[in-house]
Amino acid sequence: MSAAQSQPTRAELLRNLAQAPARDLVIIGGGATGLGVAVDAAARGLSVALVEAEDFAKGTSSRATKLVHGGVRYLAQGNLKLVREALRERAILLRNAPHLAQPVPFLLPLFGAKGRWFDQWFYGTGLLLYDLLAGKERQGRTEFLGAAQALRLAQGLRVEGLAGAVRYWDGQFDDARLALALARTAIARGATVLNHCSATGFAHEGGHIAGVEVEDRETGQRFALRTRCVINAAGVWVDAVRRMDGAPRGDLVAPSQGVHLVVDRDFLPGNHALLVPKTRDGRVLFAVPWLGKTILGTTDTPRQDLAVEPEPFAEEVDFILNEAARILARAPARADVRSVWVGLRPLVKPPDADRGDTKSLSREHVVLVGRSGLVTVTGGKWTTYRAMAEDVLAHCMAGGLLPSRPAGATATLALVGAPASATHPLSDAPGAHLYGTEAARVAALPGAERELAPGFTEAMVRFAARHEYARSVEDVLARRSRLLFLDARLAASAADRVAAVLAEELGDAFDAGKSLRDFARLAAQYSRLPAQTAH
């Protein structure tokens with residue numbers, strides 16, 4: 001029986017939440033980290049509940065640059081340990097979710113006279129080390145290319161001053177759909193995993209956490225969950241959960257804002273991504289082909305607030321467009337941007353950190369066990385989610401919060417939808433790789449031939465509602481499909497038809513008017529750029 005046939009409905013998950021006795025652990029947060037812990041714990045035979053106040057991957061975990069990578073930037077910083085770990089995890093993810101992750105070739109273009117010798121030596125040597133650290137798990141061989149070769153592979157490159165390029169390989173993935181696959185994999189292993197369900201408080205006994213109070217945001221039902229261990233995996237919002245437990249003032253996280261602009265694929269035809277290793281602010285810049293579009297990003301800007309839907313600053317948009325103009329034959333303008341989206345990175349903040357410089361803050365994760373037993377995990381990145389989950393559970397077991405179980409349960413655990421064996425096609429179709437082995441089931445649903453947008457059908461909406469726990473227009477258009485992230489105006493034009501299908505599937509549980517109003521505001525934000533800064 002397939003996962004789609006056997007998995008519980010949302011109503012059944014709610015009943016499990018209410019009726020189950022004390023669990024081994026309750027996880028707060030349905031992003032990469034929390035879902036990774038849920039899969040690992042369930043795979044080890046522990047009883048697990050996870051609650052997410054919004055939708056799975058609603059926050060940072062759906063707004064990545066879509067790269068599964070070892071971190072060329074961290075290599076330049078000399079952090080070989082982090083690079084080696086990430087390269088190992090990259091290989092595991094490509095094997096466990098080949099329907100959602102695949103290798104992608106990169107070009108590092110070299111411009112000017114300097115590019116003919118120093119840059120080629122400097123960056124080429126670093127990327128050869130990248131291959132060496134990957135070992136037998138490398139995805140392709142690093143090569144030195146002439147200008148003509150580089151232009152054949154990436155026709156969108158600027159010709160003027162191009163001296164050549166270095167080609168290397170990394171990985172690419174669909175972040176929101178990977179999160180959804182993790183949620184469904186945890187459920188298939190017996191975990192109770194719920195989106196749109198908030199943690200509202202803790203129950204303490206003898207100074208230690210003994211339970212979590214939660215509220216289903218859809219029905220208003222409240223539950224008291226008894227547990228021996230609580231894991232705070234709320235991303236940039238972990239400090240709010242810590243304060244709910246009575247933690248002293250002082251933040252663990254210093255949020256950094258990353259902005260991405262999406263333009264049409266004709267700015268960078270072909271399947272090669274581009275890397276600018278050093279921009280004017282010291283970051284790398286990517287131009288990445290993804291689902292028929294090109295992603296340009298990203299920035300690294302300190303931010304004091306923790307908005308659920310942060311907006312870009314004008315100077316960030318100017319920066320990305322200006323940097324892209326330096327490497328692309330046709331410079332993208334504001335009018336060319338189809339969607340703009342912003343994520344907040346949960347960077348770990350040391351006590352004496354300078355809030356004005358997030359580039360100096362750690363990209364590694366941290367696990368803290370509070371006096372009450374609350375286990376907080378933050379930092380890290382998507383590529384290493386599985387290793388982070390193992391580390392979190394190791395802390396819990398070492399502290400006596402969970403029974404000891406051997407690690408390694410997820411190293412070869414295929415995620416829901418993964419084929420037994422697969423090649424890695426680099427497809428431009430927006431619907432490509434969405435369902436893996438479940439594609440035939442989607443095709444059999446009503447509306448398989450009725451497109452709501454190119455590559456996106458009515459049947460996909462039905463599947464999202466029946467089997468992927470979508471509860472709103474946004475859930476469908478932002479994270480079950482990625483249309484909002486690819487073309488915000490096109491997503492807005494499909495919203496009415498999506499709402500009509502959801503009304504049929506969800507019945508009285510779905511408020512079409514509110515869902516449409518909420519999505520209209522969000523789509524307007526994703527299609528709107530701040531005014532250009534004065535020069």
Side-chain angles (χ1 to χ4, degrees), residues 63-67 69 71-77 104 106-112 114-115 119 122-123 126-127 147 150-151 153-168 170 172 256-270 272-290 293-303 310-343 345 357-359 485 529-535:
R63 304 161 198 242
T65 313
K66 319 309 177 195
L67 299 178
H69 63 112
V72 173
R73 177 183 179 185
Y74 314 131
L75 185 66
Q77 294 171 348
V104 63
F106 271 84
L107 292 184
L108 191 158
L110 307 171
F111 290 95
K114 185 180 178 183
D119 284 352
F122 182 78
Y123 295 118
L127 290 168
L151 289 169
L153 295 173
Q155 297 175 21
L157 262 176
R158 179 167 64 87
V159 176
E160 294 80 12
L162 183 65
V166 182
R167 179 164 73 164
Y168 74 101
D170 239 320
Q172 184 181 60
S256 167
Q257 175 163 292
V259 175
H260 298 82
L261 308 181
V262 177
V263 297
D264 287 338
R265 190 59 165 272
D266 56 12
F267 282 93
L268 186 63
H272 280 65
L274 300 181
L275 165 69
V276 178
K278 191 173 183 180
T279 62
R280 283 169 294 173
D281 80 338
R283 278 193 63 79
V284 298
L285 180 85
F286 295 103
V288 181
W290 189 63
K293 299 291 184 181
T294 298
I295 299 173
L296 304 174
T298 179
T299 57
D300 193 359
T301 308
R303 183 146 190 161
E311 297 195 44
F313 301 122
E315 56 269 25
E316 292 179 300
V317 174
D318 291 343
F319 168 77
I320 293 174
L321 292 176
N322 291 337
E323 291 293 333
R326 295 172 58 198
I327 60 167
L328 297 179
R330 183 160 65 95
R334 274 174 151 66
D336 298 312
V337 176
R338 303 301 183 195
S339 187
V340 54
W341 29 276
V342 183
R345 303 180 189 91
D357 178 17
T358 57
K359 294 188 293 294
F485 283 70
L529 295 179
Q532 188 170 5
T533 55
H535 295 288

>> Let me confirm one number: the CZ-OG1 distance from Phe319 to Thr279, rounded to the nearest 0.5 Å.
In response: 3.5 Å

> Looking at CD of Glu315 and OG1 of Thr301, how far apart are the two atoms once the value is rounded to the nearest 0.5 Å?
Replying inline: 7.0 Å

>> side-chain contact (heavy atoms from CB on, under 4.5 Å), that's the test. Do Ile295 and Phe485 meet it? Break it down for me.
In response: CA-CA 10 Å; Ile295 299 173; Phe485 283 70; over 6 Å; no

> If you measure from CD on Gln257 to CD on Glu311, what distance do you get to the nearest 0.5 Å?
Replying inline: 9.5 Å

>> Restricting to salt bridge (charged side-chain N to carboxylate O under 4.0 Å, His left out), what partner residues turn up for Asp264, sequence neighbours left out?
In response: Lys293, Arg338

> If every non-hydrogen atom of Asp336 is compared with every non-hydrogen atom of Ala331, which pair is closest and at what distance?
Replying inline: OD2-O, 4.3 Å

>> If you compare all heavy atoms of Arg167 against all heavy atoms of His272, which two are closest, and at what distance to 0.1 Å?
In response: NH1-NE2, 3.1 Å

> Which heavy atom in Ile320 sits nearest to a heavy atom in Gly297, and how many Å separate them?
Replying inline: CD1-CA, 4.2 Å

> For Gly156 and Pro269, which heavy atoms make the closest approach, and how far apart are they?
Replying inline: N-CD, 3.7 Å

>> Can you list everything that forms a salt bridge (charged side-chain N to carboxylate O under 4.0 Å, His left out) with Arg158? Sequence neighbours excluded, please.
In response: none

>> Using a 3.5 Å distance criterion without hydrogens, assess whether the side chain of Thr298 forms a donor-acceptor pair with backbone atoms of Val259.
In response: yes

> Under a 4.5 Å cut-off applied to non-hydrogen side-chain atoms, are Val262 and Trp341 in contact?
Replying inline: yes

>> side-chain contact (heavy atoms from CB on, under 4.5 Å), that's the test. Do Phe106 and Leu67 meet it? Break it down for me.
In response: CA-CA 11 Å; Phe106 271 84; Leu67 299 178; 3.6 Å; yes

>> A side-chain contact here means heavy atoms from C-beta on lying under 4.5 Å apart; do Leu328 and Glu323 qualify?
In response: no

>> Under the criterion side-chain contact (heavy atoms from CB on, under 4.5 Å), I'd like the reasoning laid out for Asp266 against Arg330: C-alpha separation, chi angles, the key distance, then a yes or no.
In response: CA-CA 9 Å; Asp266 56 12; Arg330 183 160 65 95; 3.0 Å; yes

> About how many Å separate CG of Leu296 and CD1 of Ile327, when rounded to the nearest 0.5 Å?
Replying inline: 8.0 Å

> Does CZ belonging to Phe122 count more than 12 external heavy atoms closer than 6.0 Å?
Replying inline: no

>> So, taking the atom named NE2 in His260 and the one named CD in Glu316, what distance separates them when rounded to the nearest 0.5 Å?
In response: 11.0 Å

>> Determine whether Phe286 and Lys66 satisfy the following criterion, side-chain contact (heavy atoms from CB on, under 4.5 Å), listing intermediate values before the conclusion.
In response: CA-CA 10 Å; Phe286 295 103; Lys66 319 309 177 195; over 6 Å; no

> Between Val337 and Val263, which heavy-atom pair has the shortest distance, and what is it?
Replying inline: CA-CG1, 4.2 Å

> For Val104 and Gln172, which heavy atoms make the closest approach, and how far apart are they?
Replying inline: CG1-CB, 4.0 Å

> Any chance CD of Gln155 has more than 12 other-residue heavy atoms, nucleotides or ligands included, within less than 6.0 Å?
Replying inline: no

> What's the spacing between Leu107 CG and Leu275 CG if we round to 0.5 Å?
Replying inline: 10.0 Å

